[in-house]
Engineer: 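The structure follows.
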Amino acid sequence: MITLKQLRYFGAVARTRHFGRAAAECAVSQPALSMQIRDLEARLGVELVERRPGDVTLTPVGVEIARRAEELLAGARDLEDFARHHAGPLAGALRLGVIPTLAPYVLPKVLPALQRHHPELAVALRETQTRTLVDELGRGLIDVVMLALPVEHPEIETLALFEDPFVLAVPAADPRSAATPIAAGALAQERLLLLEEGHCLRDQALAVCANGRGDAGGLGATSLATVVQLVASGFGATLLPQVAAAVERDNTRIKLLRFAAPEPGRTVALAYRRTSPRKADFSILARRITEALGVSDAGALPTAACRAGAAVPA
C-alpha cells in the first residue's frame, strides 16, 4: 500500500520542483525523501518525475497523480477534523485565513467575540493574499478563509457574510464636498493609487474604473494603511472598502467621498472545502462575525455620509 507520507513528500516535490526544498518543507533529509519517492514510483509502477541536475520535472502521469494526491491528503485532514471536532461546535483548533484588506479591520472585533462565546476554540491565523490562501485551503493546510468574492476553485464553497461598499479617499484639500455623492465615472480623472499585484482589492479597483482612464500610478503598496498615507501626502486617491474607512475616519489629512447608487463594492464571504466536515462550525462562525461587526447575515455594513473628520459607523 502506498502511504500518506509518500503522497505528502511527492506533493512537496510537485510544488517546489526541487528535492532539497521539498525535503526542507517536510522536515526530513533529502535522501530519505528521495527514497520514499522512488518507493512510491515502484509501488505505482510508473515514473513520476524526470530527474535532472538542479531541476525536477513531473511526467504527464506525475502531474495527474500529484493532483489526486492533494485530494487524498485533504480528505485525510478532513477525516481528522471530523473526529477531533465531533464533540462540539467551534472547539479545538481552527486554522483561519484572512486577506490583508480585511484582517486589521475586522479581527479586532471578531476575535474577542469568538473568545467570549467559544473559549475552547483555538484560532491559528494566516494573513496573506487570496491566491495563496485559496491554494492552501484546497490543500487542507487551513480550514476556512475570510475573503472577497468571487473564488475560482471547483472544490471550494462560499458563504456570504456582508456587502462592503467602496468610498473614494482623497487628500483633505480636495475641493469636492463630501456631502455630494460622486459618480463612479469620476474615477477616470483620478490618479488612482493601488495595492501591489496579487491583492484582490487591486483587481476590484481596476474593475470599477475599467471604463475610465484612471491612472493606476507607479506606487504599489502592500497595505491599505500605506496607501492612505500616500493619499494624505497628495500622491493621488484610492478606493477604500467601508471596513477600512471606519478605521481611517479619524485621519484629518484625507477626505472620504461616497459614490452615487449603485455603489461599487465587494462581497465578503467565508470559503471552505466542499468536503469539509465542519460546515456547521462555519455557519456558526459566520453568525459570530456578522454579530461582531453589527450586520445581518449577507447584509451591508452600516454607512453614512463621509465628511472630512466625520464619523463613519464601524
Side-chain angles (χ1 to χ4, degrees), residues 99-102 104-106 130 146-150 160-195 199-217 219-221 223-269 290 293-296 298-314:
I99 59 175
T101 57
L102 282 172
Y105 308 111
V106 303
T130 301
M146 194 188 313
L147 43 63
L149 296 178
L161 296 174
F162 57 87
E163 297 300 319
D164 191 14
F166 295 147
V167 298
L168 183 67
V170 297
D174 189 287
R176 287 170 290 189
S177 170
T180 304
I182 62 172
L187 293 177
Q189 307 303 320
E190 301 288 344
R191 175 176 167 79
L192 200 61
L193 304 178
L194 304 173
L195 292 169
H199 288 272
C200 61
L201 183 58
R202 175 189 177 91
D203 298 332
Q204 291 158 353
L206 290 173
V208 170
C209 60
N211 296 324
R213 53 184 181 86
D215 180 9
L219 300 171
S223 74
L224 277 177
T226 301
V227 174
V228 169
Q229 291 305 312
L230 292 172
V231 172
S233 298
F235 284 95
T238 195
L239 286 184
L240 278 185
Q242 184 67 30
V243 290
V247 174
E248 302 293 346
R249 64 190 178 191
D250 294 329
N251 190 335
T252 59
R253 299 172 63 205
I254 66 171
K255 182 186 297 185
L256 303 178
L257 306 178
R258 291 289 303 279
F259 286 98
E263 294 176 290
R266 62 182 181 175
T267 301
V268 176
T290 55
L293 298 178
V295 296
S296 59
L301 282 173
T303 58
C306 300
R307 301 181 304 277
V312 177

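Quick note: numbers below take in every heavy atom, side chains included, and nothing from hydrogens, waters or symmetry partners. Since we're looking at a predicted model, the values are computed, not measured.
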Engineer: Would you name the heavy atoms of Ala178 and Leu257 that are closest together and state the gap between them?
Structural biologist: CA-CD2, 3.7 Å
Engineer: What's the shortest heavy-atom distance between Ala232 and Arg253, and which atoms?
Structural biologist: O-NH2, 3.4 Å
Engineer: Pick one: which of Leu147, Thr130, Leu224 meets side chain to side chain contact (heavy atoms under 4.5 Å, CB included) with Thr101?
Structural biologist: Leu224
Engineer: Applying side chain to side chain contact (heavy atoms under 4.5 Å, CB included) between Val231 and each of Leu240, Leu193, Asn251, Leu168, report the one that passes.
Structural biologist: Leu193
Engineer: Determine whether a donor-acceptor pair (N or O, by modelled atom type, separation under 3.5 Å) exists between the side chain of Arg202 and the backbone of Leu195.
Structural biologist: yes
Engineer: If the condition is side-chain contact (heavy atoms from CB on, under 4.5 Å), which residues does Val243 pass it with, not counting sequence neighbours?
Structural biologist: Leu102, Tyr105, Val106, Phe162, Asp164, Pro241, Arg266, Leu301
Engineer: Is a donor on one side and an acceptor on the other found under 3.5 Å between the side chain of Ser177 and the backbone of Ala179?
Structural biologist: yes
Engineer: Report the C-alpha distance between Gln242 and Val167 in whole Å, list the side-chain angles of each, state the deciding distance to 0.1 Å, and finish with yes or no for side chain to side chain contact (heavy atoms under 4.5 Å, CB included).
Structural biologist: CA-CA 7 Å; Gln242 184 67 30; Val167 298; 3.8 Å; yes
Engineer: Which residues satisfy the side-chain contact (heavy atoms from CB on, under 4.5 Å) test with Pro264, sequence neighbours excluded?
Structural biologist: Phe166, Val208, Phe259
Engineer: Do Val247 and Pro104 come within less than 4.5 Å of each other through their side chains, counting heavy atoms only?
Structural biologist: no
Engineer: Locate the shortest heavy-atom distance separating Ala148 from Gln204; write the atom from each residue and the value.
Structural biologist: CB-NE2, 3.4 Å
Engineer: Do you know the tightest heavy-atom contact between Gly236 and Pro171?
Structural biologist: O-CD, 3.7 Å
Engineer: Can you name the nearest heavy-atom pair linking Ala237 to Glu190, along with the distance?
Structural biologist: CB-OE1, 3.6 Å
